[in-house]
Amino acid sequence: MKYNPEEVELKWQRYWESEGLFKTTEDNRKKFYCLEMFPYPSGKIHMGHVRNYAIGDVIARYKRMRGYNVLHPMGWDAFGLPAENAAINHGVHPAKWTYENIDYMKKQLKRMGLSYDWSREVTTCDPEYYRWNQWFFLKMYEMGLAYRKSSHVNWCPTCSTVLANEQVIDGACWRCDSEVVQKELEQWFLKITAYADELLEGCEKLKDGWPEHVILMQKNWIGKSRGVEVDFQIEGSDEKIRIFTTRPDTLWGATFVCLAPLHPMAERLTEDKKALEFIRSKYGMAEEKHGLFTGRYAINPVNNERIPIYVANFVLMEYGTGAIMSVPAHDQRDFEFAKLYKLPIKVVIQPEDGKLPEPLEEAYEDEGVLVDSAQFTGMSSPEAKEAIIKYLEEKGLGQAKVNYRLRDWGISRQRYWGTPIPIIYCDNCGIVPVPEKDLPVILPRDVELTGTGMSPLLNAEDFLYTNCPRCGSRARRETDTMDTFIDSSWYFIRYCSRKDEEALDRPKISYWMPVDQYIGGVEHAVLHLLYSRFFTRVLRDLGIVDFDEPFSNLLTQGMVCKETLRCPEHGWLLPEEVEDNKCKKCGRPVEHGRVEKMSKSKKNVIDPDYLIKRYGADTSRLFSLFAAPPEKDLEWSDRGIEGTYRFINRLWNLTLQRADDLKRVKDLPVKTNDKNIHLFRKTHQSIKKVTTDIERRFQFNTAIASLMELYNELSSFRADTDDDLTVMRFALKNLLLMLSPFAPHVAEELWELIGEKPSIFNQPWPTWDEEAASEQQIELVVQVNGKVRARIMIPVGLSDTEIKELALSDERVKKYTDGKELRKIIVVKGKLINIVV
RNA sequence: GCCGGAGUGGCGGAAUUGGUAGACGCAAGGGACUUAAAAUCCCUCGGGGCUUAGCUCCGUGCCGGUUCGAGUCCGGCCUCCGGCACCA
């Protein structure tokens, strides 16, 4: 019988479903929560999903066999802009588009044979899901964590809508390419900065379970820095300018003060409003520096020097106090600004070894020794920082201060396809939160999506107008919807109970949470993970959860990449548009580009549907796990998947050939002999290798390699006696057990074929016997002066002296040692001996 | 610019704490089977040299160091990939 993946896979998928094998409930076993980042239902799954979910499924199935009660859910990150664009471009309602995509993608995931408990499926655009977004928002509003503030946003004048930062490409709108302007708009914010320090400190707890670089990115994003705020008196005024600096050791080198263009004092101090307007228009443009002298001076509080006050486009209003002291000698930005406007540059830090050149060619930003700094002259930078902060505090001139680069999270979106923000604006009562009993505030279906105006909800009158919950008079609803990152900030908690159960079931949450293993792309290393960590802490403060960190372990998988093909005339090409290395359309030679992340625009994609049809789910999964370790990028290879397919076929054919014999014989124990002991030992070695490879950072590629080795041993084994067959049965059973998390369907089928009862997933993971795995003889490597000169087989357990004697008496070794003085002999147990002459 | 990560055969990748570099797979070459092809199976497979059943030298981006011994540790460079990018 020929291996027919589709037949085998559908058979077992039906079996698993009818047995309810992956339905999970709480019990007294040790739990394991295995979670993969849920997809956006964009239409079809792509190879990145295949890889992500294959990795997660191996872990879930493996942990299950190790006796854990495994929670392995799946759902849909279903709100978002593409649905709205589909509506605008193709006239299909976002809801219809989204739910149809979900249907299709769910079929695809089921066809992959993933071990999900679908009864917990989450769909974020479902009112029963997003009502909780609204509930959390109301709670945060009560806690003072949600507030409304006017802020500057990216605005596309052509589309007349707000753009997220990632939708601004080189200062232009991603959709229509027109120049993006800054506009002031009232927006809702969540006070994530209230948790800045906690989120930073929490990184320590993640050290064991998260990749170092992700923790680092989180830390950088939070960006804690210690410094001091200092007041500079404005000459001829009672007012002071408060600046923030992390370099109080350079205070004596300040030669001017700069205000952010939007600093309230910039307006007051500047006469030339036109010039100020110009500087404001250059705000945030990193390429060029622009400044405007206000005509006023400030007094440096430490030396009473009179220094000019500028407005500068590079000074950020959002960070620190929105004003800085400028020390051009020791800050490159200030240096460039000083050069541009011919301002003095005053050196107050000298490097420990040597002297700075005069004139300076660039700022000296490193630490050093203070000069020309009154009583602090001669101190080192770190020591001076402390001393000067103390001095400023004592004199009442300044105060130590910690700043974060993390900003509060702006969650308002002028879009339709998202969670309505549950707020009502009443002319009498002002901002009124929607009462909890009125949740969910349902997103109306019947709206017109044109893509050019403001939020379509502004035209949905039934939605827009309501009565004020406080005074009953006619009032308006908030028409902005929430950032979709809200949806994904707590979905892992919703999975803890089934769809038809209570959403925030505390005992269930405390049983399953935190997530033991989270798996997803590194593109979410900052935002999604940070927001989830923030939400978890808010939920903790609400008494809903009893832990701080939602994800104990994180695996960030690499991208799936493929070579790009390009015709000089027709652009990117699909493989089938190429023949004999030439473009089919024009016959020009094809350029083989770099190996890049698969993307539709570059046409270097592989369609999972095609793969599964051609090779089956098992081969597709196995290859994506074998081709590279999970956290590294995976390079697609057509030949590679053929090889994986051949492996499964070989295993299939071998099992079928011997199935009758193997069914006939008993399981172990058996008396091993010189011939079959190799296979017996190899099996134990393989169990050890595969288990440690999975346990130790999920090295599935090498685990699969050892399964192939075991297969190779098995296929070259000639079973002559029943004892031989028993050993063979033992080897094959273990091979199938170990293969089952990787290629579940074929493992299940072959398991049944050799007379075992399904399901293989109710079997425990095999264990190895250290003694049975150890070799009787080892190959000893003999080095002379570090070079390999001989390899000799020796029995295990010899003493160092015996090993030395054996090594020194070897002819090949003698050649190098004869007549020479032995200086030192190093013996590495069980491996190697190095003779130094 | 700053902060990370990586660089190993023709290719994807192995190599546990410093201890046999190249596991496993792919490609390639040779052979068996076949009327033939595909599929399958077997053998070879980092490079050079020699007196070629063997022996020997070189070899993990480059230069240096530590060590009996370095792909692995240390210092300095080069290239590629990712993140942040005026955060004072």
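Quick note on labels: first sequence line is chain A, next is B, and so on, each numbered from 1.
Contact between the side-chain N/O atoms of A/Q699 and the OP1/OP2 oxygens of B/rA15 is found at a separation under 4.0 Å. An OP1 or OP2 oxygen of B/rG25 is reached within less than 4.0 angstrom by a side-chain nitrogen or oxygen of A/N712. Not one side-chain nitrogen or oxygen of A/T644 sits closer than 4.0 Å to the OP1 or OP2 atom of B/rG25. A sub-4.0 Å separation between OP1 or OP2 of B/rC86 and a side-chain N or O of A/K282 is absent. Residue A/R646 places at least one side-chain N or O closer than 4.0 Å to OP1 or OP2 of B/rC26. Between A/N701 and B/rA14 there is a side-chain polar atom (N or O) within less than 4.0 angstrom of OP1 or OP2.
For the C1' atom pair drawn from B/rC42 and B/rC57, the interatomic distance equals 33 Å after rounding to whole Å. Annotation: B/rU8 and B/rG31 have their P atoms spaced 34 Å apart (nearest Å). Comparing the P positions of B/rG25 and B/rC73 gives a spacing of 29 Å, expressed to the nearest Å. Nucleotides B/rA37 and B/rC24 have their C1' atoms positioned 30 Å apart, rounded to a whole Å. For B/rG49 and B/rA39, the C1' atoms lie 41 Å apart once the distance is rounded to whole Å. The gap from the P atom of B/rU56 to that of B/rC3 amounts to 48 Å, rounded to the nearest Å. Comparing B/rA88 with B/rG1, their C1' atoms are spaced 16 Å from each other, to the whole Å. Rounded to a whole angstrom, the distance from the P atom of B/rG75 to that of B/rC26 is 41 Å.
Nearest-nucleotide positions on RNA chain B for A/S716 and A/N834 put A/S716 closer to the 5' end. Of the two residues near RNA chain B, A/A628 and A/E642, the one whose nearest nucleotide lies more 5' is A/A628.
Nucleotide B/rG18 holds its P atom 16 Å from the CD1 atom of A/I826, rounded to whole Å. Between A/E563 atom CD and B/rC26 atom P there is a gap of 20 Å when expressed in whole angstrom units. Residue A/I648 contributes atom CD1, which lies 14 Å from atom P of B/rU40 at whole-angstrom precision. We find that NE2 of A/H213 is positioned 8 Å from C1' of B/rG82, with the value rounded to whole Å. Spacing between atom CH2 of A/W221 and atom C1' of B/rG83 amounts to 10 Å, rounded to whole angstrom units. When the P atom of B/rC84 is taken as reference, atom CG of A/L406 falls 14 Å away, rounded to whole Å. Distance, A/D331 CG to B/rC2 C1': 14 Å, rounded to whole Å.
For A/F314, taking side-chain heavy atoms from C-beta onward, the closest of the listed nucleotides B/rG19, B/rA88, B/rG4 is B/rA88. You'll find that the side chain of A/R639 is closest to B/rA27, out of B/rA27, B/rG12, B/rA21. The nucleotide whose nearest atom lies closest to any side-chain atom of A/M217 is, among B/rG25, B/rA23, B/rG83, B/rG83. Taking every side-chain heavy atom of A/P629 into account, B/rG13 is the closest of B/rG13, B/rC68, B/rA88. Nearest nucleotide to the A/A705 side chain, out of B/rC3, B/rC24, B/rA88: B/rC24. Comparing atom distances between the A/L832 side chain and each of B/rU20, B/rG12, B/rA23 picks out B/rU20 as nearest. Checking B/rA88, B/rC24, B/rC86 against the side-chain heavy atoms of A/Y319 singles out B/rA88 as nearest. The listed nucleotides are B/rG19, B/rG25, B/rA23; the one nearest the side chain of A/V828 is B/rG19.
B/rU66 is unpaired under the criterion used here, namely a Watson-Crick or G-U wobble arrangement in which both key atom distances are under 3.5 Å. The partner of B/rC55 is B/rG49, by the rule that a Watson-Crick or G-U pair needs both atom distances under 3.5 Å. Of all nucleotides present, only B/rC78 satisfies the Watson-Crick or G-U wobble test against B/rG7, with each distance under 3.5 Å. B/rA38: no Watson-Crick or G-U partner with both key distances under 3.5 Å is found in any strand. Pair assignment for B/rG71 gives none, since no Watson-Crick or G-U wobble pairing has each distance under 3.5 Å. The partner of B/rC86 is absent, by the rule that a Watson-Crick or G-U pair needs both atom distances under 3.5 Å. The partner of B/rA27 is absent, by the rule that a Watson-Crick or G-U pair needs both atom distances under 3.5 Å.
Using a 4.0 Å heavy-atom criterion, one finds that A/R789 contacts the sugar-phosphate atoms exclusively. Within the nucleic acid shown, A/N403 has no heavy atom closer than 4.0 Å to any nucleic acid atom. In this structure, A/S706 reaches neither bases nor backbone, as no heavy-atom distance under 4.0 Å exists between it and the strands shown. Contacts of A/R791 with the nucleic acid, taken as non-hydrogen atoms under 4.0 Å apart, include base atoms. Contact annotation for A/G223: no contact, since no heavy-atom pair falls under 4.0 Å across all strands. Nucleic acid contact for A/K289: base, since at least one base atom lies under 4.0 Å from a heavy atom of the residue. Contact annotation for A/V781: base contact, defined as any heavy-atom pair under 4.0 Å involving a base atom. In this structure, A/Q783 reaches the bases: a heavy-atom distance under 4.0 Å links it to at least one base atom across the strands shown. Within the nucleic acid shown, A/Q332 has no heavy atom closer than 4.0 Å to any nucleic acid atom. Within 4.0 Å of A/V315, counting heavy atoms only, lies at least one base atom of the nucleic acid. Nucleic acid contact for A/F626: base, since at least one base atom lies under 4.0 Å from a heavy atom of the residue. Across all strands shown, A/L216 has heavy atoms under 4.0 Å from sugar-phosphate atoms exclusively, and none from any base. At the heavy-atom level, A/T245 lies under 4.0 Å from the strands shown only through sugar-phosphate atoms. Counting any heavy atom pair closer than 4.0 Å across all strands shown, A/R650 reaches sugar-phosphate atoms only and no base atom.
Shown here is A/E361, whose CD atom has no more than 12 heavy atoms of other residues, nucleotides or ligands within 6.0 Å. Heavy-atom contacts from other residues, nucleotides or ligands closer than 6.0 Å to CD of A/E212 number 12 or fewer.
In this structure, A/Q218 contributes its side chain and A/L200 its backbone to no donor-acceptor pair below 3.5 Å.
For the residue pair A/T255 and A/P344, the shortest heavy atom distance occurs at OG1-O, 2.9 Å. The heavy-atom pair separating A/P248 from A/I388 by the smallest distance is O-CD1, 3.5 Å.
Look at B/rG9: its glycosidic torsion is within 90° of 0, and that puts it in the syn range.
Salt-bridge formation is not detected for the pair A/R639/A/E642: no Lys NZ or Arg NE/NH1/NH2 atom is positioned less than 4.0 Å from an Asp or Glu carboxylate oxygen. Salt-bridge formation is not detected for the pair A/K597/A/E523: no Lys NZ or Arg NE/NH1/NH2 atom is positioned less than 4.0 Å from an Asp or Glu carboxylate oxygen. Comment: A/K682 engages A/E709 in a salt bridge, judged by a side-chain N to carboxylate O separation of less than 4.0 angstrom.
A donor-acceptor contact under 3.5 angstrom links the side-chain atoms of A/E779 to the base of B/rU20.
With A/F337 as the aromatic partner, A/K289 does not meet the cation-pi criteria of under 6.0 angstrom to the ring centre and within 45 degrees of the ring axis.
No side-chain heavy atom of A/E635 sits under 4.5 Å from any side-chain heavy atom of A/E563.
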